[in-house]
Amino acid sequence: MQTTERFQNTQSSEYDWLIPVLPRSRSNTRADFDSSISLGALGAATARTFEQDQSGRMFVTIEDDPWATILADTIELWANNPAIFEEEGLEAPSPETLQKASSYAKRMKLGGLVAPDRIVMDAAGGILFELENLEEGVRVVLHFWDEGDVELQTFRGSKLVDRFVMSTPDNLD
Amino acid sequence: MDQGEPIEQDELLYRRFPLAASWYDGINLSAEAFGPHRENDTSGLSVWRANYKSIEDAARGTGKYGFFIAVLRAGDLFTRQIKIVPKPYENEPGHAELPEITSYNRKEKSTLELKEKLKDLVLRVEGPYHVIESWPPGR
C-alpha cells in the first residue's frame, strides 16, 4: 500500500542516519563502553499519533511540540541577535553551525525523537543539545563543534563513556 | 608579579559566566559554564579567589545582560585532584586558573569529563549581577 510504504520509508531510511546504533556507524573515537544509550534509544515522542485521510494517505501528528519553544529560545534567538555574542566569554556560532544545528533539530523533530532538555552554546562557537537522565545518571549530548563536526557524547555521571562523530548527510538542509 | 598566596582548602572560588549563554536556568547548570574560550583561555580557565574579591566585583565582566557566579570550594577540587594555581596579574591579585582546561584541549575526553566534575562540585550559583538590559533581547 503506497501510503504505508511512504510511512515506512520515513521511519526506516530517511532518518536512519540519526540513529547510529550499528557498529559500522561508530568512529574510531568510540570508548570501551558498549552503551545501549544512543540517539536512537531516545525513543519516539509519546504524543505522536497516526491518522489516515479518506484517500488512505497516512499522516503523523506530534501533539506536543517542545521543539518549537526550545528552538525559539535558543538557535532562532541567537541567529536574530548576533549582538549577544559581544558578551565577555562568548564567541558567536558561525552561520554554518547555526544552520546545521537547526537542520538536525528539524530532522530530529520530524523523526519523532524527543526534544533535548536544553540547547546551549559553548564558549567557542559550538552548540549542544543536552538530554538528561535518559537512564538514571546518564546524559547524552549532541555537540555541534565550531570546526564543523557533530559528535554524540554519552556521560554516566561525569565519565564520558561513549563518543563518536555523526555522519551527516551531504544534502542536509 | 609573584605567584600569589597559596590557595587554602577552605577558600571559595568564583567562576563568572554570562547570563546570555543560557548555561544556568535558575535550577540546572550546564557544564559549559566551565568550557574554555577558543582563544582566551590558553593557559587555563579563569576563576577568582573570594579572599581577594567580593562576589559582586568578581561578577563584573564586559557585557550588558549580566553575569552569574558559580561558587566552588577549593578543597573540593583538591580532593578530586583538580589543579588550581594562583595567577595574579596587575591589580588582580585574586586571579587563579585551572590549568587542565585550556583553549587547546577543549575537545579532549579529559577536559569534557573535568567540566562535568566541576559542574557537580558547584556549591551554588549566584546572580545575575550587573544587568544593564533585560534578557532575552527584543521581548
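The chains referred to below are lettered A, B, ... by the order of the sequence lines, with proteins before strands, and numbering in each begins at 1.
- Of the listed residues (B:Lys119, B:Glu133, B:Glu116), the one with the most heavy-atom contacts under 4.5 Å to chain A is B:Glu116.
- With hydrogens and angles ignored, the 3.5 Å screen pairs a side-chain donor or acceptor of A:Glu87 with a backbone N or O of B:Lys64.
- Distance CG/A:Leu90 to CG/B:Asn40: 10.5 Å, rounded to 0.5 Å.
- A donor-acceptor contact shorter than 3.5 Å links the side chain of B:Trp23 to the backbone of A:Met121.
- For B:Asp120, the part lying near chain A is the side chain, with the backbone staying farther off; criterion is any non-hydrogen pair under 4.5 Å.
- Heavy atoms closer than 4.5 Å to chain A are found in the side chain of B:Arg16, but not in its backbone.
- Side-chain contact between A:Leu77 and B:Pro137 is present, with heavy atoms from C-beta onward closer than 4.5 Å.
- Contact check for B:Lys107 versus A:Asp149: side-chain heavy atoms found under the 4.5 Å cut-off.
- With a 4.5 angstrom heavy-atom cutoff, B:Phe67 touches chain A only via side-chain atoms.
- With a 4.5 Å cut-off on non-hydrogen atoms, A:Asp122 touches chain B through its backbone and its side chain both.
- A heavy-atom distance below 4.5 Å is not found between the side chains of B:Lys117 and A:Lys159.
- Within the 4.5 angstrom heavy-atom criterion, only side-chain atoms of B:Glu32, from C-beta onward, approach chain A.
- Rounding to the nearest 0.5 angstrom, the gap separating the CG atom in B:Asp25 from the CZ atom in A:Arg118 is 6.0 Å.
- Interface remark: of the candidates A:Asn80, A:Val141, A:Asn81, A:Ile119, A:Asn81 forms the most heavy-atom pairs closer than 4.5 Å to chain B.
- If you measure heavy-atom distances from A:Glu130 to chain B, the contacts under 4.5 Å come from the side chain alone.
- You'll find the side chain of A:Arg163 reaches within 4.5 Å of the side chain of B:Leu112, heavy atoms only.
- Taking CD from A:Gln153 and CD from B:Glu113, the interatomic distance works out to 10.5 Å, rounded to the nearest 0.5 Å.
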